[in-house]
S.K.: 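Once you've had a glance at the structure underneath, I'll fire off some questions.
Just so you know, these numbers use all the heavy atoms, side chains as well, and skip hydrogens, waters and symmetry mates. To find a chain, count down the sequence lines: A is the first, B the second, and so on, and within it residues start at 1. Keep in mind that this is a model prediction, so the values were computed, not measured.
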Protein chains: 2
Amino acid sequence: MPTIQDVASRAGVSPITVSRVINRSGYVKSETRQRVEAAIAELRYVPNRLARSLRLKKTNTLALVLTDITNPFWTAVARSVEDTASDAGFSVVVCNTDESLTRQRQCLNTLLQKQVDGVLLVPARSDGEPVEWIQGQGTPVVVLDRRVPCRWVDVVRCDSEDGAYQLVRHLLSLGHRRIAVLSGPQDVSTAMDRVAGYRRALREAGLEPREEWVRHGQFDRSAGLEMAQQMLSIAPRPTALFAANNLVAVGALRALRDAGLRVPEDISVVVFDDLTSELVIEPFFTAVDQPAYEMGQTAAELLLARLSGSAPGEYQEILLPTKVVVRRSSAPPPG
Amino acid sequence: MPTIQDVASRAGVSPITVSRVINRSGYVKSETRQRVEAAIAELRYVPNRLARSLRLKKTNTLALVLTDITNPFWTAVARSVEDTASDAGFSVVVCNTDESLTRQRQCLNTLLQKQVDGVLLVPARSDGEPVEWIQGQGTPVVVLDRRVPCRWVDVVRCDSEDGAYQLVRHLLSLGHRRIAVLSGPQDVSTAMDRVAGYRRALREAGLEPREEWVRHGQFDRSAGLEMAQQMLSIAPRPTALFAANNLVAVGALRALRDAGLRVPEDISVVVFDDLTSELVIEPFFTAVDQPAYEMGQTAAELLLARLSGSAPGEYQEILLPTKVVVRRSSAPPPG
DNA sequence: CTGTTAGCGCCTTCAT
DNA sequence: ATGAAGGCGCTAACAG
């Protein structure tokens, strides 16, 4: 492949002149510029950004470390991050951790070695150490979606506690008294917060949350299926299920149908995080809708602002609004 | 940030010795190695892969250029590419083109500048030029999902013509005679091939495909909605719709429901490319199922094999099997 | 087993 | 308006 030196020789100038043409920096006589551009075209020269980045200590690349891009919520986030980054001339490297700390460390290590300019991190656990480690390498981080026990970091997320509270209030207002929650991993902040919001709503209604009505599992379909099955074996059976994420809800509904239960006639189901209407034939779930696209965009913009030095000095915690969407999956309890 | 030189000084060795420790290349006395490792730990040294890549002319990065990661089909492909690449020590940079040639060129340009080792490309158009351009830069390409008029390139895809043919045969066998197709962009090979398979099935059944029963639009929900509405205004109305992709089908169904039509009692709907069961409460569509995960994996493996020189000399065209899954959205025509 | 030399391709600084 | 020198951090090739 031709280098900047090859182009220079061909155009009869020095490499630095070619550099100035490519990056539109400094003065170049119009005639010289044309000769250089001609040489670039003839040689099909493509500048080597590796060398440029090494020199400039800037790669124009963002890392997006999330749990599983297969979940439509993260897909939307990834898409908005890419859109936002791309508009600013940045590329995005995506990594799936599957909620594993080991994989998270591997990802981050590789990413830092590649000298990404910034990291958008959905922490696999409520653990501040990875965040501090990245920052210790001089790389800015924005934490996405989840809380983390660090004061000195930017966070963009939704209020899980409040969303859950609202959702359970909706169930209570319909008359439900036996409400179970199918949540995610114990040490993931969103899973904890959603349980916390659930408990607060129950207590406020004068109900004592029973431990057997709280289950933790993975944030996926099969966990939802399994947790729902367990709930069905409790007597008296809950009249409503609160699924802490979209995939859990899909699995739960499967379990209910398999058990011959009708939703919402026999049992209600509500869910934190709606499935995008793009994918759904007929919206069914009563849900807390999270602005996934905005979350990615906001986080990416904040990170880019940090990189350009245009962000405010203090670290930010940005809470995006959620809203409850009532649909057909919730109704008054039977009887 | 500390460099390899800092580590070297601290350990009282030369940089190259540190390099050998990091990369486990060459001989290093166990005692020396320990000194070096201690220095690495103390300084929290992270090797700079930019410099390494510049030197080695290898970045351990793959590019994945697709149309829109928001479509679950591409999400699955992206996930499998990342899994496969990651196992081989590669990272993945993802780019969305939204079927735009301009954006495709921008993406590819940036990616080549970043010296990605290989490109997985879902071409925005049936145009061989971009492929040849990338190859001309000495970068291997594997084309995904779509045909391209190049002989000298690897391709991994499904047989759209045949899948469509099978799907329309299914409709014919149910007794349908007025079948319409809602396809994607005219110049995208999968959209063309699915129409071609449709036509072949019709002709074989002694039916002449009517032009008004063929529509082209974007491969998204709103196009599906619009195309379906247009079809409903044709008299006599088609008794079955063939949606050329998943999102088109969701949009079409919306249009049918809005028009007060029941599926499949009043009109049947079949679709090329199933929505993954992870996301669907109750599978409904009769569909051609494509092995999305395998497609990404196969393509990534082929690309990695090319990079390691372990691939066969000839370019490959790998056709992955599809299968028709009959569900509730198709039934005999009314009357 | 370890070190020296040189250079990957580019851009900043300082001349001219 | 253009160029020369030097170095970003790393490793291959060759000593020793």
Side-chain angles (χ1 to χ4, degrees), chain A residues 1-37 39-40 43-61 109-117 137-139, chain B residues 1-37 39-40 43-61 109-117 137-139:
Chain A
M1 291 303 94
T3 72
I4 202 170
Q5 175 62 59
D6 299 326
V7 176
S9 309
R10 176 135 193 160
V13 297
S14 78
I16 186 62
T17 302
V18 177
S19 172
R20 291 200 255 256
V21 169
I22 296 171
N23 302 302
R24 309 182 209 309
S25 62
Y27 294 88
V28 179
K29 208 198 306 174
S30 152
E31 187 216 339
T32 319
R33 147 166 298 131
Q34 289 181 11
R35 278 218 316 286
V36 170
E37 281 167 348
I40 289 177
L43 296 173
R44 299 174 189 280
Y45 166 69
V46 174
N48 184 330
R49 282 221 202 177
L50 239 45
R52 179 168 216 264
S53 294
L54 181 60
R55 187 62 238 256
L56 263 39
K57 299 185 180 305
K58 180 164 198 290
T59 53
N60 273 244
T61 303
N109 195 40
T110 308
L111 263 6
L112 288 180
Q113 292 195 6
K114 295 204 172 196
Q115 312 294 118
V116 296
D117 294 329
Q137 299 296 322
T139 306
Chain B
M1 292 300 97
T3 72
I4 201 170
Q5 174 63 60
D6 300 326
V7 176
S9 310
R10 176 140 195 154
V13 297
S14 76
I16 186 67
T17 302
V18 177
S19 171
R20 290 199 256 256
V21 170
I22 296 171
N23 302 302
R24 310 180 208 307
S25 62
Y27 295 88
V28 180
K29 207 200 304 176
S30 150
E31 186 215 339
T32 317
R33 146 167 297 131
Q34 289 179 11
R35 277 216 319 286
V36 170
E37 281 167 348
I40 288 177
L43 296 174
R44 297 174 190 280
Y45 167 69
V46 174
N48 185 329
R49 281 222 201 177
L50 239 44
R52 177 166 218 264
S53 292
L54 181 60
R55 186 65 238 250
L56 262 38
K57 297 182 179 306
K58 179 162 198 288
T59 53
N60 273 242
T61 304
N109 195 40
T110 308
L111 264 4
L112 288 180
Q113 292 195 7
K114 295 204 172 195
Q115 312 293 119
V116 297
D117 294 329
Q137 299 296 325
T139 307

S.K.: For a 4.5 angstrom cut-off between non-hydrogen side-chain atoms, does M1(B) reach N48(B)?
M.R.: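 A side-chain contact is absent here, since even the closest heavy-atom pair is not under 4.5 Å.
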S.K.: For a quick test of reading the model: is some side-chain N or O of N48(B) closer than 4.0 Å to OP1 or OP2 of dC8(D)?
M.R.: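 Answer no for this pair, as no side-chain N or O of N48(B) is under 4.0 Å from OP1 or OP2.
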S.K.: Walking along DNA chain C from 5' to 3', note the first and the last nucleotide with an atom under 4.0 Å from a heavy atom of chain A, and give both.
M.R.: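 On DNA chain C, the outermost contacted nucleotides are dG9(C) to dT12(C).
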S.K.: Tell me the interatomic distance from R55(A), atom CZ, to dG9(D), atom P, rounded to whole angstroms.
M.R.: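 From R55(A) CZ to dG9(D) P: 10 Å.
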S.K.: Do side-chain atoms of Q115(A) reach the backbone of L54(A) as a donor and acceptor pair under 3.5 angstrom?
M.R.: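 Not a single qualifying donor-acceptor pair exists.
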S.K.: Under 4.0 Å from OP1 or OP2 of dG3(D): is there any side-chain N or O of T17(A) that close?
M.R.: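 Affirmative; the distance criterion is met.
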S.K.: Here's a test of your reading of the structure: between P2(A) and I16(B), which maps to the more 5' nucleotide of DNA chain C?
M.R.: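 Closest to the 5' end, via its nearest nucleotide, is I16(B).
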S.K.: Rounding to an integer number of Å, can you tell me how far M1(B) CE sits from dC10(D) P?
M.R.: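 The answer, rounded to whole Å, is 12 Å.
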S.K.: Check whether any side-chain heavy atom of V36(B) lies under 4.5 Å from a side-chain heavy atom of V28(B), and answer yes or no.
M.R.: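 No. Closest side-chain heavy atoms not under 4.5 Å.
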S.K.: Within the structure shown, what part of the strands sits under 4.0 Å from T32(B) by heavy-atom distance: base, sugar-phosphate, or nothing?
M.R.: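 Sugar-phosphate, backbone atoms only, no base.
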S.K.: Which residues within residues 5-12 of chain B lie with some heavy atom under 4.0 Å of an atom in DNA chain D?
M.R.: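 Within this stretch, nothing sits under 4.0 Å of the strand.
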S.K.: Expressed in angstrom and rounded to an integer, what is the separation of I4(B) atom CD1 from dG7(D) atom C1'?
M.R.: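 It is 16 Å, rounded to the nearest whole Å.
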S.K.: So, do V13(A) and R35(A) sit near enough that their side-chain heavy atoms are less than 4.5 Å apart?
M.R.: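 The answer is yes; the side chains approach within 4.5 Å.
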S.K.: Rounded to the Å, how far apart are R20(A) CZ and dA4(D) P?
M.R.: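 So the two atoms are 11 Å apart, to the nearest Å.
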S.K.: Between R49(B) and N60(B), does any side-chain donor sit less than 3.5 Å from a side-chain acceptor?
M.R.: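 There is no such pair between these side chains.
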S.K.: Which nucleotide, dA12(D), dC8(D), dC10(D), lies nearest any side-chain atom of K57(A)?
M.R.: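 When the side chain of K57(A) is considered, dC8(D) is the closest of dA12(D), dC8(D), dC10(D).
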S.K.: Does R10(A) reach the side chain of L43(A), with side-chain heavy atoms less than 4.5 Å apart?
M.R.: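 Yes - at least one pair of side-chain heavy atoms lies under 4.5 Å apart.
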S.K.: For the residue pair V21(A) and E37(A), establish whether any side-chain heavy-atom pair is separated by less than 4.5 Å.
M.R.: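 Yes - at least one pair of side-chain heavy atoms lies under 4.5 Å apart.
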S.K.: Within this structure, what is the CG-to-P distance between N60(B) and dC10(D), rounded to whole angstrom?
M.R.: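 Spelled out: CG on N60(B) to P on dC10(D) is 16 Å.
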S.K.: Measure NZ/K114(A) against P/dC10(D) and give the value in whole Å, please.
M.R.: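 Distance check: K114(A) NZ to dC10(D) P gives 16 Å.
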S.K.: Just wondering, are more than 12 heavy atoms of other shown residues or ligands nearer than 6.0 Å to NZ in K58(B)?
M.R.: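 It does: K58(B) NZ has more than 12 such atoms within range.
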S.K.: With a non-hydrogen cut-off below 4.0 angstrom, is L56(A) in contact with a base, only sugar-phosphate, or nothing?
M.R.: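 Sugar-phosphate only.
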S.K.: Taking all atoms of both residues into account, what is the closest heavy-atom pair of Y45(B) and I22(B), and its distance?
M.R.: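 For Y45(B) and I22(B), the tightest heavy-atom pair comes out as CE2-CD1, 3.5 Å.
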S.K.: Assign P15(A) to base, sugar-phosphate, or nothing according to its heavy-atom contacts below 4.0 angstrom with the strands shown.
M.R.: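 No contact.
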S.K.: Roughly, in whole Å, what's the span from NZ in K58(B) to C1' in dA12(D)?
M.R.: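 The distance from NZ of K58(B) to C1' of dA12(D) comes to 16 Å, rounded to the nearest Å.
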